[in-house]
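Chain A is the first sequence line, chain B the second, and so forth, proteins listed ahead of strands; every chain is numbered from 1.
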Amino acid sequence: MLSVSGLSKSYGERRAVDGVSFQVQRGQTVGLLGPNGAGKSTTVSMICGLIKADSGTVTLDGEPVGQGASAAKQKLGLVPQDLALYEELPAIENLKLFGALYGLKGSALAKRAEEVLALVGLSDRAKDKPATFSGGMKRRLNIAAALLHDPQLLILDEPTVGVDPQSRNAIFDTLEALKAQGRSLIYTSHYMEEVERLADHIVIIDHGKVLADAEPAELYRRLPAQAALQVELADVARVPAETVVAALAGLPGVAGVRHEGAQIDISLHATTHAAPVLRWLDEQGHALAHFSTARTKLEDIFLTLTGRTLRD
Amino acid sequence: MTAIIAMIRKDLILYLNDKRALMLNLLMPIVLAAFFGSLFGGAGGGNNSKIEIGLVQQDTSVIGRKIGDALKADPTLTVQELSEQDAKDKVRAGKLMVAVVIPAGFGDASGQALFQPGSKPALPLYYDPSQSTVLAMVKGLLTQHVMQGVTGEVMGGASGSKFTEANLKQLEQVPDSDDKQALINLLGGLKKYQDHEASKADSQRTVATGGGNLSVPFTTTDEALSSGPKYNAYAHAFAGMGVQFILFMGIDLGIGILLARRMGIWNRLLAAPITMSQVLVSRALSGAMIAAGLMVAIFFCAMLIFKVEITNAAGFVLVVAAFALMTASFGLLIAAFGKTPEAARGLAVFATLILVMLGGAWVPTFVFPAWMQQLTLVVPTRWAVDGLDAMTWRGLGMDVALQTAGVQLAFAALFGTLAIWRFRAQNR
């Protein structure tokens, strides 16, 4: 459906996007993942024709998107990172305006505006101005404004920035409903858990380059560790954590060890290795203040690929 | 077309919902135009532009009273008769611009001084130092009334014969010369005339200014020249203030675009299947519609309340439409070259104030020095104000409307082209 090929963009000496390529299939949700400044928004801007790429192409169903009034844009819906709404224009008027930009008019436009308001749960606030809305409600209206023309591909640029957990869930309910309708989505975020919840394909970007482009399961398979064990030593005064870490790294099934103070994070090749590690600690006489086990997260994938965390 | 109409509709709703902008753009020009209009002569009625002066009448002689009465009767003056101390206090407090003192004995002394060299009696004038222009005007009027009073009385008044005799006696003591003999002949002839007039016992002789049969040998007829109706200073004031505040609306238009870019609305608009030119043109059209609507509303108030007349309706519409487009393109220019809304606003307000000042919005350009009147022809607001003046109190025709509107449209095209070029460059 969407084909992004070799996109590059530089601002002066700084290369913001460097040869980014990926595909989005019909009905697929692609998570575009990367830390702040990785080049996600610039990539999205080029896909939507907001800025001109130095090189590379973007096609939607074989048609180039580009700048200006291209026909391909009719199939695209953009939810910008900012709240791109007229705060003093009633919600329904905002929607009618953005629908009209795509050629909708008259009763069809009015009907469609009511439908998308219902979809995001704002029907009862149709005549109110966004200035009177909560942050979460504005975010939902921000999404609704991109749905008026029933786009085949919806691009969401960090749509949950500054939103409380309850509103975030409401937004995710909406997005899952859209996904269930068979709509294609591109979801950019630097929140791993959001991408993990929605995406069935993940593109990881850093420093303007694609580091990984695969389904989540495939990305997990590439990890040296599949599980994590976290322990907090109660007796660091007796035995320094560094000594314990060095010993743990040599145990069978341990893929890596990090520590911060008394807390030690142990990456394991499999969940089954957790019990032997805990037994070893007990045998060595290390009292534990706390321990927990978890499955490896996408966060660890980024760490593995770049050597730094997503929020660095 | 649907997209452009939707964007224009959105701008109009937003503007009409913004009560602060409406207040600023509509009420402020009306209030300020009313103030400036009244300051510069109002609607041209009887009591406008009178200079208020104080009069200290210490001289009770015929000439002294004639001068005082003439000042009171002058249509350009409003005279308050005061004691000298009160007059000084009022001038010092800024409540009077000028006070004239006619000291005791001034009339007699001035009558005698008419034909004799030497010291002349003085008329003390007290004036507010900030009102030197008014002082010059009052001095001119005073000269007129003193000359009329003194010459009228000396030549033909009731005490004229007494003045002539006294002057002839004093001339006898002056050494002989050709001038002395000529003056004796003149006064002798005058004395005969005065005696003849007195013998006629003509009761019709008046003591009014220029009394008797002698008076200042000329008078002035003041005529205001205009093709239009009677001059109404409110017409110019409404043109000037309307231009100024509608340009402020143009600034808001530009700032609105900058804010839209900052907020991401700009991206959402451009993500739609429309061109940037369509977005800009629709913004310019909505801005022009608001500007034209405001100007019409402002002049509607001017006509209703201040009796301003629009003498060429078609020309007025043309000038207003051209000004509205120029304002809208000015707003686009601000948006194109402004880096942030905050920085752009400061600079744009400064530029607008300079434009309206040089355009004659505050003070008519005819009071500018000649070189500045020429220089300000390159200022678009000058053509807007001149065009509105031409279509109201000057009562000029379509040729002037076409000229002033044409120049404004040229500026609009220039601003719009520059703005679109800049926007395109930024989007590359």
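- Looking at residues two or more places apart in sequence or on another chain, you find a salt bridge (charged side-chain N to carboxylate O under 4.0 Å, His left out) between B:Glu342 and B:Arg262.
- When atom types are taken as modelled, the side chain of B:Arg268 and the backbone of A:Leu78 share a donor-acceptor pair closer than 3.5 angstrom.
- Neither the backbone nor the side chain of A:Ala72 comes within contact range of chain B; no heavy atom of the residue lies under 4.5 Å from a heavy atom of that chain.
- Shortest non-hydrogen contact noted between B:Met263 and A:Asp82 is O-CB, 2.8 Å.
- For CZ of A:Arg168, the number of neighbouring non-hydrogen atoms (other residues, nucleotides, ligands) closer than 6.0 Å is greater than 12.
- Per-residue heavy-atom pair counts under 4.5 Å with chain A were compared for B:Ser277, B:Gly264, B:Ala260, and the maximum is reached by B:Gly264.
- Taking CG of B:Asn17 as the start and CD of A:Glu87 as the end, the distance is 13.5 Å to the nearest 0.5 Å.
- Neither the backbone nor the side chain of A:Leu76 comes within less than 4.5 Å of any heavy atom of chain B.
- Residue A:Glu93 touches chain B through its side chain alone, counting heavy-atom pairs closer than 4.5 Å.
- Heavy atoms closer than 4.5 Å to chain A are found in both the backbone and the side chain of B:Met7.
- In terms of heavy-atom proximity, A:Gln74 sits nearest to B:Pro273 at OE1-CG, 3.2 Å.
- Side chains of B:Ile13 and A:Leu89 form a contact here, defined as non-hydrogen atoms less than 4.5 Å apart.
- Both the backbone and the side chain of B:Asn267 come within contact range of chain A, judged by heavy atoms closer than 4.5 Å.
- If you take OH on A:Tyr86 and CG on B:Leu14, they are separated by 7.0 Å, rounding to the nearest 0.5 Å.
- For B:Leu269, the parts lying near chain A are the backbone and the side chain together; criterion is any non-hydrogen pair under 4.5 Å.
- Neither the backbone nor the side chain of A:Ala53 comes within contact range of chain B; no heavy atom of the residue lies under 4.5 Å from a heavy atom of that chain.
- Residues from residues 97-116 of chain A that place a non-hydrogen atom less than 4.5 Å from a non-hydrogen atom of chain B comprise A:Leu97, A:Phe98, A:Ala100, A:Leu101, A:Tyr102, A:Leu104, A:Lys105, given in numerical order.
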